Number of protein chains: 2
Amino acid sequence: MTVGIRDVARAAGVSTATVSRALGKGPVSDALREQVEAAVRATGYRPNLSARRLRSQSAQTIGLIVADIRNPFFTAVSRAVEDAAYQAGMRLILCNTGEDAEREALYLRLMQEERVTGVVFAPTRRTAERLRPEDFAFPLVLIDRTGPPGGHDGVVLDNVAAGAALVDHLVERGYRRIAGLFGSTSSTAEERRDGYVAAMRRHGLAPQIRTVPPEADPAQAEVARWLAEPDRPDALILSNGLILMGAVRAARAAGLPWPGGIALAGFDNEPWTELVEPGLTVIEQPVAEIGAQAIGLLFDRLKHPGQPVRKVVLSGRLIARGSTAGR
Amino acid sequence: MTVGIRDVARAAGVSTATVSRALGKGPVSDALREQVEAAVRATGYRPNLSARRLRSQSAQTIGLIVADIRNPFFTAVSRAVEDAAYQAGMRLILCNTGEDAEREALYLRLMQEERVTGVVFAPTRRTAERLRPEDFAFPLVLIDRTGPPGGHDGVVLDNVAAGAALVDHLVERGYRRIAGLFGSTSSTAEERRDGYVAAMRRHGLAPQIRTVPPEADPAQAEVARWLAEPDRPDALILSNGLILMGAVRAARAAGLPWPGGIALAGFDNEPWTELVEPGLTVIEQPVAEIGAQAIGLLFDRLKHPGQPVRKVVLSGRLIARGSTAGR
DNA sequence: AAGGATCCTGAAAACGTTTTCATAGGCGGC
DNA sequence: GCCGCCTATGAAAACGTTTTCAGGATCCTT
């Protein structure tokens, strides 16, 4: 039926141990190695990874659990993670949770059952809080979102500074009634909100905050409502790319051009933010760097399990475009 | 160390066979089933999937191999595939080839070694041509791209019709110098080009064709060059979303507004195509349907291995926006 | 009441590898 | 020339499950 290592061994006239060693890194004479390789070609042998993993107790696999791969931030990060992982000869399992705590738990359990080498995870706030290192047999690196201090290694943006930077930018351009719409499920959105609030206070301005599920449609609905109110803000800060898109749609629908009708500033420098005339002001996240750092932390942790927990904080970059040109 | 099924068996006072049956679907008395469940909770047992797959010879896993997850078409399709797969209790392995034949071969080999249940694959033209069903122990369903007739099940867009529809639309709006820029790696782009050429001939117009790697940057460069030529076209058809984005950038950079300076029409109804004023005319692909159909074909094939090869052809939908409003 | 059928359970084999352990052979040092 | 060491190889154990096989209990039928 299916050709196994025994068939190769028989074809090569050696033992299965020799075949295994010839294909791996064991010590085998050149003559036998060639015999084995010929036999592999002749039989069309493909090793069974399940058997290999079972016996060697090493999955050579890392798991990546994100909220939604359709969010360009996560697709970009996941490409970086994937590239780094395959570079290191590891396979990748990618999972989407849709910001749902139940599915997060499901996938974490799956990772345990797969006996993965490590996991990179962007948890919801709720899950992040109850994440205990001792529950996992593998290193867990958090990205984008953060957990309680000292829990897991992680790489995040300096969200507080980024939130404040947007406020400073808008104030400098002459806006005063600056409101913020933030995602409801992540610690990231909370931090951006904190930065927004602190900066507003510093400027002696009154923060105005609302919260939505971090998707385009709910954001659009909320912004539409907001813009219809009598004392609507004249500038809006949006806590991620999907919410920003919702806001753009709502502003269009309300017939409010930017920057005159409403100023918009958000997160994630996605390609389209530049194409929407006259361009959207955003904080760009170093997505490739985030992915690469996450894998780096993971491998470091594997090598030095006892090492103290590390958190890498990266800075965003403000890209000023027409949407905040001034009033 | 790590808790196995034997530990659970010992804790529950039963045999490992009973534990296995209690956790699976075997016949076990209610009393023992509860004992086992209690023991599982007490020990924190997690089954080892490698062992399970090895013994049961069933991976319950499907592979998804696409060109680039950053292409929104593929992210949308992959979400649909993932949802359908998990619905059916299957895990998903996602791989990016970057349109590289070598990596395609690598991942196909990986799928064999994983002994996956089935694979959904968007191959490059080159790989599609040499894809032979007898080389694979699992069903292979092609999406977006198609192989030689009779080879594998597949689900594709009616690309010829879609390419022609764009021409018809542009002609109707008064354009005559209609050119086409197509991806160089997929059969899909070829079919769209064929549709374009046929429709142009039908209208008595001369086709103008160029080809680029299906990414934004090469497309932008090519379009920039094209638009700088003396007898530049007055309408451009772009064979996918990334190429369309490159063309948009190039048109912007050249100071050519649409639809006056240059008319643009492309594929993939991505959110941003609506936001780029006055909107881009596109052929919308039924992405969710494509993913769902692919999984459907896969399961059908598993159930009826001898069944004749099926190809599902779905229709695109023309969404006319401002970019082709007429001259 | 006996016989068979049905159901639940445990012992042990099996899945396809890698790894351990033992051995044979070659080689250098005394 | 013998002894010990090192290297390449093979036999067999081990990885953690599921599944087969067989046995014993229970139940129904006659």
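The figures here come from the full heavy-atom set of this structure, side chains too, leaving out hydrogens, waters and symmetry mates. None of the values given here were measured: they were computed from a predicted structure. Protein chains get the first letters and strands the later ones, always in sequence-line order, with residue 1 at the start of each.
- Between B/T18 and C/dG10 there is a side-chain polar atom (N or O) within less than 4.0 angstrom of OP1 or OP2.
- Within the nucleic acid shown, A/R46 comes within 4.0 Å of sugar-phosphate atoms alone, with no base atom in reach, counting heavy atoms only.
- Rounded to whole angstrom, the span from the CD1 atom of A/I5 across to the P atom of D/dA12 amounts to 17 Å.
- Put simply, CG on A/L106 and CE on A/M111 are 9.5 Å apart, with the number rounded to the nearest 0.5 Å.
- One can place NZ of B/K25 at 10 Å from C1' of D/dT18, the figure rounded to the nearest angstrom.
- As rounded to whole Å, 10 Å separates atom P of C/dT17 from atom CG of A/L23.
- Between the side chain of B/R55 and the base of D/dT17, no donor-acceptor pair of N or O atoms lies under 3.5 Å.
- For A/D300 and A/K303, the salt-bridge test fails: no basic side-chain N is under 4.0 Å from an acidic carboxylate O.
- Computed from coordinates, the B/Q112 CD to C/dG16 P distance equals 16 Å when rounded to whole Å.
- Across the protein-nucleic acid pair, B/L54 atom CG and C/dT17 atom C1' stand 8 Å apart, rounded to whole Å.
- With salt bridges taken as basic N to acidic carboxylate O contacts below 4.0 Å, none links B/E113 and A/R91.
- Taking for each of A/S56 and B/R21 the nucleotide of DNA chain C with the nearest heavy atom, the 5'-most of the two is the partner of B/R21.
- B/R145 CZ to B/T185 OG1: the interatomic distance, rounded to the nearest 0.5 Å, is 5.0 Å.
- Under the 4.0 Å criterion applied to side-chain N and carboxylate O atoms, A/D153 and A/R310 are not assigned as salt-bridge partners.
- B/L49 comes within contact range of no nucleotide atom at all, as no heavy-atom separation falls under 4.0 Å.
- Nucleotides of DNA chain D nearest to A/T16 and A/S29 differ in position, and the one nearer the 5' end is that of A/S29.
- In the set C/dA11, D/dG16, C/dT17, the nucleotide with an atom closest to the side chain of A/A51 is C/dT17.
- A straight line from CG of A/D7 to C1' of C/dC15 spans 14 Å, rounded to a whole angstrom.
- Of the candidate nucleotides C/dT17, D/dT17, C/dG10, C/dT17 has the atom lying nearest to any side-chain atom of B/R115.
- Judged by distance alone, with hydrogens and angles left aside, A/R52 brings no side-chain donor or acceptor close enough to the base of C/dT17 to form a pair under 3.5 Å.
- Rounded to a whole Å, the CZ atom of B/R53 is 16 Å from the P atom of D/dG16.
- In this structure, the CD atom of B/Q57 is 12 Å from the C1' atom of D/dT19, given to the nearest Å.
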